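Take a look at the structure set out below.
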Number of protein chains: 2
Amino acid sequence: MIDQRLHVLRVLVELGTLTEVARRLGYTPSAVSHQLRSLSKDLGMPVVEQRGRGLVITRAGQLLLERSQELFTRWEEIRGELDGLGTGTRRRQLRLCGFSTAAATLLPPTAQRLAQRYPDSRVTIIEAEPEECFDLLLAEQADIAVVVATDPLPPRSDARFEQSALFSDRLDLLVPADHRLATRSAASLSEAAEEAWILDRPGSPYHRLVRTACAAAGFLPEKAHQSREWETGAALVSAGLGVALIPRLARLPEGFDVARVPLRGDPVPSRKILTGIRSGSAGQPLIAEALEVLAEVSAEVARREI
Amino acid sequence: MIDQRLHVLRVLVELGTLTEVARRLGYTPSAVSHQLRSLSKDLGMPVVEQRGRGLVITRAGQLLLERSQELFTRWEEIRGELDGLGTGTRRRQLRLCGFSTAAATLLPPTAQRLAQRYPDSRVTIIEAEPEECFDLLLAEQADIAVVVATDPLPPRSDARFEQSALFSDRLDLLVPADHRLATRSAASLSEAAEEAWILDRPGSPYHRLVRTACAAAGFLPEKAHQSREWETGAALVSAGLGVALIPRLARLPEGFDVARVPLRGDPVPSRKILTGIRSGSAGQPLIAEALEVLAEVSAEVARREI
DNA sequence: CACAATTGTGCAAAAATATTGCATGATCGA
DNA sequence: TCGATCATGCAATATTTTTGCACAATTGTG
């Protein structure tokens with residue numbers, strides 16, 4: 001309902017290059033270029049200008065975007081009120097996106113339950129990197145994002161989104177099956193201070209998360225190996241090459257000689273899972289319902305996994 | 001920037017019939033019909049329904065319009081901020097509309113002065129009935145309306161418009177040149193209580209205005225004749241058939257044997273002239289400037305005419 | 001320092017949308 | 001009952017948007 005070209009400009013600022021916008025929005029670069037020009041023409045002032053081989057938003061474009069954020073938000077709200085009216089067909093399509101673990105653990109039961117309650121709704125799951133999740137929200141290719149709080153995300157105050165805590169995913173210590181801590185029903189993170197550690201790649205969000213958790217427990221983990229996937233990490237641990245921290249939500253394949261040891265501490269080492277939506281869209285019945293179901297599912301999963 | 005179809009719906013509510021909307025907006029009825037249908041389809045619920053041979057807005061449509069009024073307002077404000085930025089071409093077209101007297105007296109000097117200050121601006125004057133003026137604002141075919149307060153206007157609280165008092169147009173008593181009051185420098189309205197009165201047609205805004213003024217002076221005017229145009233009224237008065245009340249702003253052709261007698265009283269009999277703009281548009285430099293110039297011109301005219 | 005990769009633009013052609021013209025059905029008022 | 005008014009539907013048409021290249025500018029790499 002808000003001019004499509006404003007939306008394009010918004011995504012441009014998010015993604016940086018016109019080509020990327022075209023890719024994401026399913027247009028050709030020419031089309032995006034033309035839209036921006038046409039917007040500039042209508043406003044009587046350029047909204048972007050060429051800088052090097054890229055585009056840079058002008059002061060006017062920035063002002064336009066800042067001010068029109070409210071338009072986007074209000075429209076989502078109106079959309080919700082309209083749907084809430086009950087008359088006619090409410091939105092029936094819902095697209096959930098989340099990082100891999102969420103997409104595997106939280107999202108399928110949510111989709112299933114929603115499909116039961118609203119047989120005519122079509123729930124889609126999109127697996128995407130946490131950063132990309134917000135791009136997807138903005139590009140209106142997803143309606144709800146489930147992400148890990150530690151990632152480089154838009155700040156909570158970003159007016160384009162509403163973020164809220166979903167639940168806290170506790171971290172377990174993953175040790176070889178014959179490790180001295182393997183049979184313990186719980187351990188403190190500091191007990192593993194002297195171990196060789198298997199971490200994610202330096203600079204990655206999970207790497208930072210683990211280092212932060214260790215720092216809180218009073219030590220710096222000695223990095224022995226790097227792994228990106230839980231499975232690789234488990235294999236390394238299984239081979240006796242070190243220990244690792246693994247979120248409880250992450251399921252491991254069978255057949256590794258490893259033990260998960262729950263951690264205690266205050267606060268308990270954990271990663272925070274958030275939901276994100278476009279500002280204003282919380283009023284749309286299907287989205288509101290989905291957020292509730294997500295919370296239910298999260299609570300159940302958390303209970304089951306303890 | 002706000003969806004064109006929302007605008008069409010808005011004008012439909014104002015004008016009542018689809019055909020009228022088409023006429024006003026310069027479309028064919030088919031096009032308007034199609035737009036409304038397409039809007040309904042996108043929202044998943046009908047915004048209008050057929051009732052008799054006309055269209056009636058649905059509950060959903062009403063809600064939509066109420067809520068989206070803020071979108072229209074905000075957009076006008078943003079538009080103004082953008083223009084105020086100075087970069088690029090600001091709005092250069094300005095359309096003033098007003099009822100006949102205003103269009104003849106106030107608007108031309110305003111247009112002239114604006115054209116001097118902003119040589120690249122194109123100022124257009126549209127003469128229209130006061131009621132129609134607001135339709136023109138809504139249909140974005142005029143930017144500023146100058147109307148008489150007494151007419152059946154949208155209430156001051158109508159969120160679609162911002163109205164503000166421009167000035168007070170004093171009413172003079174028009175009497176034959178040989179009338180006992182003709183040479184008086186001022187008179188009280190009650191002194192004409194026993195005269196035969198020349199009024200506008202019953203039910204017309206000006207008829208009501210005059211009756212109200214007389215009522216405030218403590219009498220009911222005895223209606224002798226009816227005239228719609230000032231010129232006709234002056235001719236009747238000139239012929240000795242009665243007296244009339246005429247706004248000072250209204251210029252009369254030469255050659256009538258009549259005298260204008262200023263009225264005193266508390267309050268002085270007068271009609272209030274208002275300006276109206278679309279909500280939010282006050283921030284647009286050209287509109288703001290035009291409102292100022294209008295006030296200047298009004299003040300000068302008022303001073304000159306006293 | 002040349003070269004390959006990447007980025008945005010421009011323009012004619014193609015595709016998608018919006019609009020018209022006219023025929024039709026429904027309703028209202030005389 | 002008839003004529004006037006109103007909205008709709010559909011095929012034809014006009015308009016707008018999008019694509020498909022070819023091209024120019026910039027970056028950074030080997």
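Worth saying up front: this structure is predicted, and the values here are computed from it rather than measured. Chain identifiers are assigned alphabetically (A, B, ...) following the order of the sequence lines, protein sequences preceding nucleic acid strands; residue numbering begins at 1 within each chain.
- In terms of phosphate contacts, R5(A) brings no side-chain nitrogen or oxygen within less than 4.0 Å of OP1 or OP2 of dT17(D).
- When distances run from any side-chain atom of P29(B) to the nucleotides dT19(C), dT8(D), dT18(D), the shortest one goes to dT8(D).
- In this structure, L39(A) places its CG atom 12 Å from P of dT17(D), rounding to the nearest Å.
- Atoms NE2 (H34(B)) and C1' (dG21(C)) sit 15 Å apart, rounded to a whole Å.
- Side chain of Q93(A) to main chain of S121(A): no donor-acceptor pair is present (N/O by atom type, distance under 3.5 Å, no hydrogens or angles).
- For T28(A), the side-chain atoms get nearest to dG20(D) when compared with the rest of dG20(D), dT8(D), dG8(C).
- Mapping S38(A) and E20(B) onto DNA chain D by nearest heavy atom places E20(B) closer to the 5' end of the strand.
- Distances were taken from every side-chain heavy atom of T17(B) (C-beta onward) to each of dG8(C), dT19(C), dA7(D); the shortest belongs to dA7(D).
- A cation-pi contact, defined as under 6.0 Å to the ring centre and within 45° of the axis, links R10(A) to F72(A).
- If you measure from atom OH of Y27(B) to atom P of dT8(D), you get 17 Å, rounded to the nearest angstrom.
- Distance D3(B) CG to dA18(C) P: 9 Å, rounded to the nearest Å.
- Electrostatic pairing of R24(B) and E14(B) does not count as a salt bridge here, judged by no charged N lying under 4.0 Å from a carboxylate O.
- T73(B) contributes a side-chain N or O that, together with a main-chain N or O of Q69(B), makes up a donor-acceptor pair within less than 3.5 Å.
- Note on Q35(B): every side-chain N or O is 4.0 Å or more away from OP1 and OP2 of dT17(C).
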Which pairs, protein N/O on one side and nucleotides 23-30 of chain D N/O on the other, fall under 3.5 Å?
residue	atom	partner	partner atom	Å
dT26(D)	O2	R53(A)	NH1	3.4

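- Side-chain nitrogen and oxygen atoms of S33(B) include at least one within less than 4.0 Å of the OP1 or OP2 phosphate oxygen of dT8(D).
- Under 4.0 Å is where a charged nitrogen must lie from a carboxylate oxygen, and between E77(B) and R67(A) no such pair does.
- A straight line from CZ of R37(B) to P of dC10(D) spans 9 Å, rounded to a whole angstrom.
- In this structure, the CD atom of Q50(B) is 18 Å from the P atom of dT5(D), given to the nearest Å.
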Handout entry: Step-by-step salt bridge (Lys or Arg N to Asp or Glu O under 4.0 Å) determination, D42(A) to R5(A)
Key = CA-CA 11 Å; D42(A) 283 4; R5(A) 296 167 303 176; 2.9 Å; yes

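- Atom C1' of nucleotide dT18(D) and atom CG of L18(A) are separated by 13 Å, given to the nearest angstrom.
- Here the rule is salt bridge (charged side-chain N to carboxylate O under 4.0 Å, His left out) with D143(A), and of R122(A), R79(A), R92(A), R95(A) only R95(A) fits it.
- Distance, L15(B) CG to dT5(D) P: 17 Å, rounded to whole Å.
- Comparing dC22(C), dG8(C), dT19(C) by their nearest atom to the side chain of S30(B) picks out dC22(C).
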